[in-house]
Amino acid sequence: MTAMTALPTPLKGTPMLVQLKSLTKTYRAAEVETTALHNVNVDIREGEFVAVMGPSGCGKSTLLNVVGMLDSPTSGAYVFKDQDVSGFSEARLAVLRKKHLGFVFQSFNLIDELTVEGNIDLALLYHRMSTGERKKRVAEVMDRMKIAHRAKHFPSALSGGQQQRVAVARAVVSNPSLILADEPTGNLDSQHGEEVMKLLLELNGAGTTIVMVTHSSAHAQYARRTINLFDGKVVTENMRAAS
């Protein structure tokens, strides 16, 4: 794929979705204090595909947790869709997560006792929609992810690649504004990893904003922009030239 070069922020003129302003996250345990993120400033516009890279322990997962509203910053601001959510209660954050965010994890996090369609439907249970509408959405996303023929199968009967397709389907069935993917190919072989990356690229092409943490420089090349972290700080931001 094309080598990455330093360019301005992509999609200039499109609405801003995520803004991290002088954001710091510190963890305290007994007398030990650890700064996972330090004075981070990041802007992500709607429709971007952003990869986050860096060595283990550099703050990648913490950054994803903050953007995903699973953790709150110690200082600084997190502006999501023009709202500073830094001081929101867990109840208000839960509403935003349900409405706007989808998550894809390395470990799939599927429920063994539920079928493929049951796992996907689970993401809609707390949305105010009829059973008929839920069934329609689940059927549409299974077809889109090419797993409709596995609808009645349980996760144990699926390959790793198929399980991750189910996880992606669960993440997108509610039509989120933002998908957060944490090492989505980490438990997959190279072939299935490429399939998942092409799936994410297709979703981004349809307009979904994606932020992905990865150790793979090859998979980071699927993103339009790469943010590199080191010791909790943004050290470089690179943009891939259009192919």
Side-chain angles (χ1 to χ4, degrees), residues 52 60-72 90-204 206 208-216 219:
V52 180
K60 299 187 302 296
S61 292
T62 301
L63 179 67
L64 210 66
N65 286 341
V66 171
V67 174
M69 304 178 199
L70 299 172
D71 211 345
S72 297
E90 172 54 32
R92 292 182 72 184
L93 291 175
V95 170
L96 286 174
R97 283 197 303 268
K98 180 178 69 174
K99 184 176 181 181
H100 295 292
L101 304 182
F103 297 87
V104 180
F105 302 98
Q106 176 178 345
S107 56
F108 314 140
N109 287 355
L110 301 179
I111 297 177
D112 293 336
E113 294 76 19
L114 294 180
T115 62
V116 165
E117 62 182 356
N119 269 280
I120 299 170
D121 183 57
L122 195 63
L124 297 177
L125 284 181
Y126 300 102
H127 290 260
R128 293 181 178 178
M129 63 179 65
S130 66
T131 301
E133 175 63 19
R134 288 199 347 247
K135 287 183 177 179
K136 178 183 177 184
R137 283 209 191 186
V138 171
E140 287 175 346
V141 79
M142 285 193 300
D143 186 60
R144 184 180 180 187
M145 301 296 152
K146 298 180 175 58
I147 50 174
H149 63 297
R150 294 288 194 174
K152 302 299 182 183
H153 290 239
F154 291 92
S156 59
L158 307 179
S159 69
Q162 289 170 332
Q163 289 188 58
Q164 194 61 298
R165 281 182 174 269
V166 177
V168 173
R170 181 184 57 193
V172 303
V173 70
S174 60
N175 297 323
S177 305
L178 173 63
I179 290 178
L180 298 165
D182 192 357
E183 297 283 0
T185 63
N187 283 339
L188 302 176
D189 59 33
S190 58
Q191 178 183 342
H192 288 118
E194 291 298 317
E195 289 178 1
V196 168
M197 290 310 306
K198 289 175 181 176
L199 188 59
L200 293 176
L201 191 63
E202 178 185 323
L203 291 169
N204 178 246
T208 303
T209 308
I210 298 175
V211 177
M212 174 185 70
V213 163
T214 183
H215 278 101
S216 170
H219 290 164

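Start at 1 with the first residue, then count along the sequence. Computed from heavy atoms alone, side chains included, the values below leave out hydrogens, waters and symmetry copies.
Taking Ala94 as the reference, Glu90, Arg97 meet the side chain to side chain contact (heavy atoms under 4.5 Å, CB included) condition, with sequence neighbours excluded. Scored by the side chain to side chain contact (heavy atoms under 4.5 Å, CB included) test, Ala181 finds Val104, Pro184, Met212 as partners (sequence neighbours excluded). Residues that satisfy the salt bridge (charged side-chain N to carboxylate O under 4.0 Å, His left out) test with Glu195, not counting sequence neighbours, are absent from this structure. Residues satisfying the ring pair (Phe, Tyr, Trp, His ring centres under 6.0 Å) test with His100, not counting sequence neighbours, are Phe80. In terms of the side chain to side chain donor-acceptor pair (under 3.5 Å) criterion, residue partners of His192 (sequence neighbours excluded) are, by chain and number, Asp189. In terms of the side chain to side chain donor-acceptor pair (under 3.5 Å) criterion, residue partners of Ser107 (sequence neighbours excluded) are, by chain and number, Asn109. Judged as a side chain to side chain contact (heavy atoms under 4.5 Å, CB included), and not counting sequence neighbours, the contacts of His215 are Ser56, Lys60, Glu183. Every residue two or more places apart in sequence or in another chain that forms a side chain to side chain contact (heavy atoms under 4.5 Å, CB included) with Leu114 is listed here: Ile111, Asn119, Leu122. Residues passing the side chain to side chain donor-acceptor pair (under 3.5 Å) test with Glu202, sequence neighbours excluded: none.
At least one donor-acceptor pair under 3.5 Å links the side chain of Thr115 to the backbone N or O of Gly118. Although no hydrogens or angles enter the test, the distance criterion places no donor-acceptor pair under 3.5 Å between the side chain of Glu194 and the main chain of Gln191.
The shortest non-hydrogen separation linking Thr208 to Asn204 is O-ND2, 3.0 Å. Closest approach of Ala169 to Ile147, counting heavy atoms only: CB-CD1, 4.2 Å. When every heavy atom of His219 is checked against every heavy atom of Ser216, the shortest pair comes out as N-OG, 3.1 Å. Gly160 and Phe108 make their closest contact through O-CZ, 3.6 Å (heavy atoms, listed as atom of the first residue, atom of the second, distance).
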For residues 61-72, please give each side-chain donor-acceptor pair under 3.5 Å, one per line with the distance, not counting sequence neighbours.
| from | atom 1 | to | atom 2 | distance (Å) |
| --- | --- | --- | --- | --- |
| Asn65 | ND2 | Ser61 | O | 3.4 |
| Asp71 | OD1 | Lys25 | NZ | 3.2 |
| Asp71 | OD2 | Tyr27 | OH | 2.7 |

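Within a 6.0 Å radius of NZ in Lys198, no more than 12 heavy atoms belonging to other residues, nucleotides or ligands are found.
Put simply, the side chain of Ser177 does not reach to within 4.5 Å of the side chain of Thr209, judged on heavy atoms. Between Lys135 and Leu124, every side-chain heavy-atom pair lies at or beyond the 4.5 Å cut-off. The shortest distance between side-chain heavy atoms of Val116 and Leu110 does not fall below 4.5 Å.
Note on residues 140-161: pairs passing salt bridge (Lys or Arg N to Asp or Glu O under 4.0 Å), not counting sequence neighbours, are Glu117-Lys152. Here salt bridge (Lys or Arg N to Asp or Glu O under 4.0 Å) pairs that include residues 123-134, with residues two or more places apart or in two chains, are Asp121-Arg134, Glu133-Arg137.
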